[in-house]
Amino acid sequence: QIQLVQSGGGLVQVGGSLRLNCEVFGRTFNRYRNTVAWFRQNPGKEREFVAAIRWESGTTAYTDSVKGRFTISRDNAKLTVDLQMNSLKPEDTAIYFCATGKNIASTMISSEYEYWGQGTQVTVSS
């Protein structure tokens, strides 16, 4: 079993920054096979891929709308993943979830991820 515990988020004005943190608990987390990602969701909409990092290689992927503004990173010693969000826009407002899964083929597909964090609200006010 793996548990993901999220922190961070909140309310920020347009152009501001926020940092989200996701801490991984569980002996079955595999540094060589697991990917950790961030998704976001608004009411009545599907969960949207934001960013992902393959743990072993550190390879990252981003959805086009956040490229150049968001940065995903991991701390191998602490087993944490951060999402640094800069130049925030109102359309970034959503509940953000971190997720992890093993041997993920397509990092952008939410159904590939087995474990999810509790979600955290990010609100960008104009």
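Enclosure of atom CD in Q1 is not indicated, since only 12 or fewer non-hydrogen atoms of other residues, nucleotides or ligands lie within 6.0 angstrom. Within 6.0 Å of CZ on R31 lie more than 12 heavy atoms contributed by other residues, nucleotides or ligands. Residue Q121 places its CD atom among more than 12 non-hydrogen atoms of other residues, nucleotides or ligands, all under 6.0 Å distant.
Sorted by first and then second residue, the side-chain hydrogen bond (donor to acceptor under 3.5 Å, both in side chains) pairs with a member in residues 43-52 read R40-E48, Q41-R47; sequence neighbours excluded. Applying the disulfide bond (SG atoms under 2.5 Å apart) test to pairs two or more places apart or on separate chains, none has a residue in residues 26-82. For residues 12-123, the set of pairs meeting the disulfide bond (SG atoms under 2.5 Å apart) definition, not counting sequence neighbours, comprises C22-C98.
Linking ILVMFWY side-chain heavy atoms closer than 4.5 Å, directly or via other members, places F49 and L83 in two distinct hydrophobic clusters. Tracing side-chain contacts under 4.5 Å through hydrophobic residues (I, L, V, M, F, W, Y), one never reaches F97 starting from V36; they form parts of separate clusters. One hydrophobic cluster holds both V24 and Y96 under the rule that ILVMFWY side chains link at heavy-atom gaps under 4.5 Å.
At least one donor-acceptor pair closer than 3.5 Å links the side chain of Y62 to the backbone N or O of I72. Judged by distance alone, the side chain of T59 and the main-chain N or O of R54 form no donor-acceptor pair under 3.5 Å. When atom types are taken as modelled, the side chain of T35 and the backbone of G101 share no donor-acceptor pair closer than 3.5 angstrom.
For the side chain to side chain contact (heavy atoms under 4.5 Å, CB included) test, residues two or more places apart in sequence or in another chain that qualify with S17 are Q84, N86. Under the rule for a side chain to side chain contact (heavy atoms under 4.5 Å, CB included), the partners of T28 that lie at least two apart in sequence or sit in another chain are I2. Applying the side chain to side chain contact (heavy atoms under 4.5 Å, CB included) criterion to Q118, with sequence neighbours excluded, gives Q6. Judged as a side chain to side chain donor-acceptor pair (under 3.5 Å), and not counting sequence neighbours, S111 has no contacts. The side chain to side chain contact (heavy atoms under 4.5 Å, CB included) check on E114 picks up nothing, with sequence neighbours excluded. For N21, the side chain to side chain donor-acceptor pair (under 3.5 Å) partners at least two apart in sequence or on another chain are D82. R69 pairs by the salt bridge (Lys or Arg N to Asp or Glu O under 4.0 Å) definition with D92, not counting sequence neighbours. The side chain to side chain donor-acceptor pair (under 3.5 Å) test applied to W55 returns N76, not counting sequence neighbours.
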Can I get a per-line list of side-chain donor-acceptor pairs under 3.5 Å for residues 102-109, giving both atom names and the distance, sequence neighbours left out?
none

